[in-house]
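Every chain is numbered from 1, with letters handed out A, B, ... down the list of sequences.
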Amino acid sequence: MKVSDLVEKFDLKVFSGENGLQNEIKGGYVSDLLSDVMGNAAEGEVWITLQTHQNVMAIASLKDLAAVILVKDLQPDEDTLKHSKEEGIPLLGTSMETFDMAGRLYRELEK
Amino acid sequence: MELKFDIVGGDFNLAGRASSKIKKVLKQLGIDPKIIKRIVVAVYEAEVNVVAHSVGGRLFAQINSSEINVRVVDDGPGITNIEQAMTVGFSTASKEVREMGFGAGMGLPNIKKNTDEMTIESELEKGTSLSFTNRF
């Protein structure tokens, strides 16, 4: 499954990083603790979080994540958008809460 | 090859600069991606530690054909109890830093877990020196 499929399926907003929409999704990771993501997320995963600052994209890039989804209609900081664009890692948004978004992604990846 | 980076205390915008550059260099050198992944975690955590806890410092990375050695030196305030600082979940980070999702007490343990060798020395009011090595 590609990030673009996820966007279409769950009507996600694409804030930036369109260049990475063809990234293949290998799994998901849910955490708002950055060191936890740094230590435990794996390449190709989609990270679901409520953190909106630019360090999120720094980590997404260092960990080669497929995309980042911001929940509850949270808006990314200006720097976060810029970083997402530079790295070509899609920064996505949803009105869903983390539990609902993660559950839907999990079900989709288990198919 | 030696790379050097200045790290500004309190400036989270630049955290990740050294790890990103080191990742690129190691990729160009054709180092095993699994090893690169571990180093990147360690370097990033070391950068964040200096930003979050110190007045600022410097990071030096020495790379040769068999290993990478990273040395991170800051100018204070130093760590009161290193054993405590190495404990998962222990942190002295400020409320602001925690709200950003940092300061969960996972930084130093993450560094230890992802390196082959790690040493840390600290003197109160003087500073902290952290070194770690990963072999290729």
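- Around the CD atom of A:Glu86, the shell of radius 6.0 Å holds more than 12 heavy atoms that belong to other residues, nucleotides or ligands.
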Check against side chain to side chain contact (heavy atoms under 4.5 Å, CB included), A:Asp64 and B:Lys23: CA-CA 11 Å; A:Asp64 299 313; B:Lys23 182 184 174 189; 2.9 Å; yes

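- In this structure, B:Glu121 places its CD atom where only 12 or fewer heavy-atom neighbours from other residues, nucleotides or ligands lie under 6.0 Å away.
- The shortest distance between side-chain heavy atoms of B:Lys37 and A:Glu43 falls below 4.5 Å.
- Within 6.0 Å of atom CD in B:Glu125, 12 or fewer heavy atoms from other residues, nucleotides or ligands are found, so the atom counts as exposed in its surroundings.
- Here the shortest heavy-atom pairing between A:Ser35 and B:Asn110 reads O-ND2, 3.0 Å.
- Side-chain heavy atoms closer than 4.5 Å link hydrophobic residues (I, L, V, M, F, W, Y) into clusters, and following such links, possibly through other members, connects B:Phe136 to B:Leu3.
- At a 4.5 Å heavy-atom cutoff, the contact between A:Asn55 and chain B is made by backbone and side-chain atoms alike.
- Neither A:Val71 nor A:Tyr106 shares a network with the other; the hydrophobic side chains, linked directly or stepwise wherever heavy atoms of I, L, V, M, F, W or Y lie under 4.5 Å apart, form separate groups for each.
- B:Ile7 and B:Val25 fall within the same hydrophobic cluster, defined by Ile, Leu, Val, Met, Phe, Trp and Tyr side-chain heavy atoms under 4.5 Å apart, directly or through other members.
- In this structure, chain B has heavy atoms under 4.5 Å from both the backbone and the side chain of A:Asp36.
- At a threshold of 4.5 Å between non-hydrogen side-chain atoms, the residues B:Asn13 and A:His53 do not count as touching.
- In terms of non-hydrogen atom pairs under 4.5 Å with chain A, the most contact-rich of B:Glu45, B:Arg38, B:Met100 is B:Met100.
- Placement of B:Met118 and B:Phe60 in two distinct hydrophobic clusters is found when ILVMFWY residues are connected by side-chain heavy-atom separations under 4.5 Å, directly or transitively.
- Interface check for chain B: of the options A:Ile59, A:Thr49, A:Asp79, the most heavy-atom pairs under 4.5 Å are formed by A:Ile59.
- For a residue to count as touching a neighbouring chain, one of its non-hydrogen atoms must lie under 4.5 Å from one of that chain's; by this rule B:Phe12 touches chain A with backbone and side chain alike.
- Using a 4.5 Å cut-off on side-chain heavy atoms (C-beta onward), A:Lys63 and B:Val41 make contact.
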Evaluation steps, side chain to side chain contact (heavy atoms under 4.5 Å, CB included), between B:Met106 and A:Leu34: CA-CA 9 Å; B:Met106 300 171 84; A:Leu34 305 198; over 6 Å; no

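- No continuous path of hydrophobic side-chain contacts links A:Leu62 to A:Leu33 [ILVMFWY only; heavy atoms under 4.5 Å].
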